[in-house]
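Following: one structure in structure tokens, then a few remarks.
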Amino acid sequence: MASGITILQVAANPYVTILGKPATAPSRLTMTQAFNSAGTAVAPFFGSALILSVAAAGAADLAQMNHIELESFRQQEAVAVQIPYLMLAVALFVLAAVFAWLKLPDVEQKQN
């Protein structure tokens, strides 16, 4: 999340500022920050729903399991976490491919 915010502020903010009229730059920046904040607020709910969807056994349940049952439980928990992270990786690769395919306009800052 920190790297996303850094990329937004270092790369996207100057780009958004230069793209349109200078008078409307603050409103464009506000809109981009709103999307960033919305993603920051909503993403943990989706992440927890995907990653924590398998209910963890209580401490009493774990204490009563033998070695084989405990190992099986740990394997199930590991698999439950792998799928959401693989989905996230695929989504990021698709997003990277989209931005590699898109031709964003070149912007040059005017020299005074």
Side-chain angles (χ1 to χ4, degrees):
M1 192 149 78
S3 64
I5 291 170
T6 302
I7 290 170
L8 177 72
Q9 291 183 356
V10 171
N13 284 356
Y15 192 74
V16 168
T17 302
I18 294 172
L19 277 179
K21 297 177 185 176
T24 59
S27 63
R28 287 192 306 277
L29 286 171
T30 300
M31 185 180 69
T32 59
Q33 293 297 333
F35 281 114
N36 184 39
S37 298
T40 301
V42 173
F45 292 112
F46 286 113
S48 64
L50 290 171
I51 295 170
L52 303 176
S53 62
V54 178
D61 294 336
L62 291 176
Q64 293 177 357
M65 291 182 185
N66 64 31
H67 177 70
I68 295 171
E69 291 171 334
L70 187 59
E71 190 62 33
S72 174
F73 172 76
R74 288 180 179 158
Q75 285 286 9
Q76 290 173 348
E77 291 293 310
V79 169
V81 173
Q82 287 175 352
I83 293 171
Y85 281 108
L86 288 173
M87 290 171 37
L88 180 63
V90 168
L92 290 175
F93 278 117
V94 167
L95 188 62
V98 166
F99 278 105
W101 180 72
L102 286 176
K103 300 298 180 205
L104 297 174
D106 289 331
V107 292
E108 295 180 17
Q109 190 170 6
K110 295 178 183 177
Q111 298 293 328
N112 291 335

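Both backbone and side-chain heavy atoms feed into the values below; hydrogens, waters and symmetry mates do not.
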For Leu29 against Val16, the heavy-atom pair lying closest together: N-CG1, 4.1 Å
Nearest non-hydrogen partners of Gly39 and Pro44, listed with the distance: O-CD, 4.4 Å
For [X], enumerate each residue passing the side-chain contact (heavy atoms from CB on, under 4.5 Å) test, keeping only those at least two apart in sequence or located in another chain.
X: Leu92; answer: Leu88
X: Met87; answer: Leu50, Ile83
X: Glu69; answer: Met65, Asn66
X: Ala43; answer: none

side-chain hydrogen bond (donor to acceptor under 3.5 Å, both in side chains) involving Ser72 - partner list, sequence neighbours excluded: none
Pairing residues for Arg74 by the side-chain hydrogen bond (donor to acceptor under 3.5 Å, both in side chains) criterion, not counting sequence neighbours: none
Within 6.0 angstrom of Ile68 CD1, more than 12 heavy atoms from elsewhere: no
Between Arg28 and Thr32, a side-chain donor and acceptor under 3.5 Å: no
